[in-house]
Peer 1: 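After the structure tokens below, expect a handful of questions from me.
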Amino acid sequence: MHLSEELHYWRTSYKLNTTQSVLSRQIRALEDELKVQLFNRSNRKVELTPAGKFLRQQWKPLLEQFQGSALYARKIQSGERGRLVINHPGSVSYDLLPDLPQPNIGGLPRSAG
């Protein structure tokens with residue numbers, strides 16, 4: 001995705017903290033796996049093929065959703081997000097529970113649902 005936006009091997013490899021040759025091999029491996037040429041390459045420039053433009057358009061929202069889901073999962077793991085379930089006998093609910101959560105509600109993680 002980075003190369004499809006940058007359209008420059010050196011800058012993309014620099015941003016990804018890798019070498020141009022590694023990036024080039026990874027792109028070729030992806031093209032081989034998909035059986036689609038994603039980029040037109042010359043000594044002077046790199047540009048997306050029509051198939052590459054189509055896949056970038058299709059994959060960008062999916063990658064954003066994946067990254068958002070991964071972030072939310074990390075928040076659940078750290079306790080920032082999730083669900084708190086309190087099991088109790090019915091008799092406790094009338095006397096104790098209506099007053100208990102209210103003072104502490106600000107310190108509880110937000111509900112995922």
Peer 1: For a 4.5 angstrom cut-off between non-hydrogen side-chain atoms, does Ser4 reach Trp59?
Peer 2: no
Peer 1: Would you please name every residue forming a side chain to side chain contact (heavy atoms under 4.5 Å, CB included) with Leu38, sequence neighbours left out?
Peer 2: Leu30, Glu31, Leu34, Val36, Leu55
Peer 1: Between Leu48 and Leu62, is there shared hydrophobic-cluster membership here, with clusters defined by ILVMFWY side-chain heavy atoms closer than 4.5 Å?
Peer 2: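 Yes, Leu48 connects to Leu62 through the hydrophobic network.
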Peer 1: Going only through I, L, V, M, F, W and Y residues with side-chain contacts under 4.5 Å, is there a path from Leu7 to Val22?
Peer 2: no
Peer 1: Strictly below 4.0 Å, N to O, side chains only: are Glu5 and Lys60 in salt-bridge contact?
Peer 2: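 Here Glu5 pairs with Lys60 in a salt bridge, since their nearest N and O are under 4.0 Å apart.
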Peer 1: Can you find a heavy atom in the side chain of Lys45 that is under 4.5 Å from one in the side chain of Ser42?
Peer 2: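 Result yes, sub-4.5 Å side-chain heavy-atom pair found.
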Peer 1: If you define the side chain from C-beta out and look only at heavy atoms, does anything of Thr49 sit under 4.5 Å from Phe39?
Peer 2: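 A side-chain contact is absent here, since even the closest heavy-atom pair is not under 4.5 Å.
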Peer 1: Going through the distances and angles, do Asn40 and Val46 end up as a side-chain contact (heavy atoms from CB on, under 4.5 Å)?
Peer 2: CA-CA 6 Å; Asn40 289 320; Val46 177; over 6 Å; no
Peer 1: Salt bridge or not between Glu33 and Lys35? Use side-chain N to carboxylate O under 4.0 Å.
Peer 2: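 Salt bridge absent between Glu33 and Lys35.
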Peer 1: Any donor-acceptor pair under 3.5 Å linking the side chain of Ser69 with the backbone of Gln65?
Peer 2: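 Answer holds: yes.
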Peer 1: One pair to check against side-chain contact (heavy atoms from CB on, under 4.5 Å): Thr18 and Ser13. What are the steps and the verdict?
Peer 2: CA-CA 5 Å; Thr18 190; Ser13 62; 4.1 Å; yes
Peer 1: I need the Gln26 CD to Leu3 CG distance, nearest 0.5 Å.
Peer 2: 11.0 Å
Peer 1: Nearest 0.5 Å, what's the CZ-CD distance between Arg25 and Gln20?
Peer 2: 12.0 Å
Peer 1: Just grab all the ring-ring contact (aromatic ring centres under 6.0 Å, His included) pairs involving residues 1-35, residues at least two apart or on different chains.
Peer 2: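 Qualifying pairs: Trp10-Tyr14.
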Peer 1: Test side-chain contact (heavy atoms from CB on, under 4.5 Å) on Lys53 and Gln58 and set out the steps.
Peer 2: CA-CA 9 Å; Lys53 288 177 184 176; Gln58 295 296 306; over 6 Å; no
